[in-house]
Amino acid sequence: MQILDNPAWAALTGPQAAFADRYGRSARFPADVSMFAALEDPADPGAWHDLGTLAGPGGEALVAAPTLTPPPGWTWTGGVPGVQLVAASVAAAPDPEAVVLTDADVPEILDLVERTRPGPFRKRTTHLGTYLGIRRDGALIAMAGERMRLPGYTEISAVCTDPAFRGAGLASRLIRAVSAGIQEGGAVPFLHTAAQNTGAIRLYEQLGFVLRTDIEFASYRIP
């Protein structure tokens with residue numbers, strides 16, 4: 001299995017192992033950092049059993065892989081078909097207006113996330129990597145940052161813009177700026193989005209990302 005096919009496992013057993021809560025062939029991030037859990041092999045029933053032990057009876061786990069086959073009794077509670085894109089010819093460049101977001105910015109970050117719904121985000125998600133924001137009159141209006149870090153790859157996530165400021169190219173600028181930091185660290189940027197989000201996919205392809213694979217995001221409740 002290629003490393004990008006199982007990004008959460010590669011992160012939790014690699015560069016972000018310090019965040020990992022592990023049991024056997026399963027792992028997960030702390031709940032206040034990220035919702036993601038991971039399986040060493042999503043096709044291995046034993047790995048699913050380990051994840052069930054880790055999350056506990058009645059617990060929930062959000063997992064991602066091209067194919068997910070949970071054991072009998074596990075209940076699907078939500079998720080979307082997604083796609084994964086990898087940088088091929090991104091014109092990465094720092095942005096003079098982008099600022100690094102810190103714990104002090106978390107209330108504004110969570111408010112922007114709530115209004116724009118870019119995907120799962122928790123109070124300590126910013127601890128996973130560098131998050132950049134753009135402000136207008138002091139208010140945070142756009143952001144993007146680094147989530148899962150794998151050997152050789154870093155995921156761009158939480159790309160979002162206040163609806164009142166969309167259409168001004170802020171997302172593109174932030175993606176290029178985050179990509180610049182990733183490339184400076186010697187990694188290749190990649191990202192995920194919902195398969196039906198054709199507008200975002202079109203933007204990412206225009207910026208120099210290429211579709212790599214379909215990937216399923218699904219949350220399951222353990223029996």
Side-chain angles (χ1 to χ4, degrees), residues 1-84 103 106-107 109-114 116-129 131 145-151 153-158 160 190-196 213-223:
M1 182 181 296
Q2 294 192 37
I3 191 170
L4 286 170
D5 287 342
N6 200 357
W9 180 259
L12 286 164
T13 59
Q16 293 174 324
F19 291 100
D21 183 10
R22 289 191 60 177
Y23 180 82
R25 291 156 287 181
S26 69
R28 64 179 179 179
F29 288 97
D32 63 346
V33 173
S34 174
M35 295 173 63
F36 279 100
L39 305 149
E40 183 177 23
D41 180 357
D44 178 9
W48 286 93
H49 179 271
D50 289 346
L51 180 57
T53 301
L54 179 62
E60 291 196 26
L62 174 64
V63 289
T67 303
L68 297 169
T69 309
W74 288 55
T75 305
W76 182 86
T77 58
V80 295
V83 293
Q84 183 184 85
D103 285 347
V106 167
I109 292 171
L110 295 177
D111 176 69
L112 182 61
V113 166
E114 178 66 23
T116 58
R117 303 287 184 178
F121 202 95
R122 295 298 176 89
K123 290 181 179 180
R124 291 203 300 136
T125 298
T126 54
H127 292 199
L128 293 174
Y131 280 78
E146 303 168 357
R147 186 168 63 183
M148 288 187 275
R149 289 186 286 116
L150 291 54
Y153 298 89
T154 297
E155 180 196 25
I156 298 176
S157 184
C160 56
F190 74 106
L191 44 78
H192 298 105
T193 192
Q196 70 268 27
T213 188
D214 294 332
I215 191 162
E216 184 178 354
F217 295 90
S219 180
Y220 295 97
R221 180 175 294 115
I222 292 86

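Quick caveat: nothing in here was measured; it's all calculated off a predicted structure.
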Query raised in the report: Can you name the residues that form a side-chain hydrogen bond (donor to acceptor under 3.5 Å, both in side chains) with Asp111, not counting sequence neighbours?
Result: Arg115

**Report entry** Flag, side chain of Thr125 to backbone of Val33, donor-acceptor distance under 3.5 Å
**Finding:** yes

Query raised in the report: Does Arg147 use its side chain to pair, donor to acceptor, with the backbone of Leu128 at less than 3.5 Å?
Result: no

Requested in this report: Taking side-chain hydrogen bond (donor to acceptor under 3.5 Å, both in side chains) as the test, write out the residues that go with Gln16, two or more places apart.
Outcome: none

Report task. State the CG-CG distance between Asp44 and Leu51, to the nearest 0.5 angstrom. Result -> 11.5 Å

Requested in this report: Give the minimum heavy-atom separation between Ala61 and Ala37, together with the two atoms involved.
Outcome: CB-CB, 4.0 Å

Query raised in the report: Counting N and O atoms only, with roles assigned by atom type, does the side chain of Asn6 sit under 3.5 Å from a partner on the main chain of Ala65, one being a donor and the other an acceptor?
Result: no

Query raised in the report: Can you name the closest pair of heavy atoms from Val80 and Gln196 and give their distance?
Result: CG1-NE2, 4.3 Å

**Report entry** Atom of Val63, atom of Ala38 and distance for their closest heavy-atom approach
**Finding:** CG1-N, 4.4 Å

Query raised in the report: Do His127 and Phe19 make the cut of ring centroids closer than 6.0 angstrom?
Result: no

Report summary line: Nearest heavy-atom approach of Pro42 to Trp48 is O-NE1, 2.8 Å

**Report entry** Test item: Tyr131 and Ile109 side chains (from C-beta on) under 4.5 Å apart, heavy atoms
**Finding:** no

Report task. Provide the closest heavy-atom pair for Trp9 versus Gly24 in the form atom of the first, atom of the second, distance. Result -> CH2-O, 4.3 Å

Query raised in the report: Does Lys123 come within less than 4.0 Å of Asp32, counting only side-chain N to carboxylate O?
Result: no

Report task. Spell out, as yes or no, whether a donor-acceptor pair under 3.5 Å connects the side chain of Arg122 to the backbone of Ala31. Result -> yes

Query - Minimum heavy-atom distance between Pro151 and Ile3, given as atom pair plus value - result: CD-CD1, 3.4 Å

Query raised in the report: For residues 49-65, which residue pairs qualify under side-chain hydrogen bond (donor to acceptor under 3.5 Å, both in side chains), counting only residues two or more places apart or in two chains?
Result: Arg25-Asp50, Glu60-Thr77, Glu60-Ser219, Glu60-Arg221

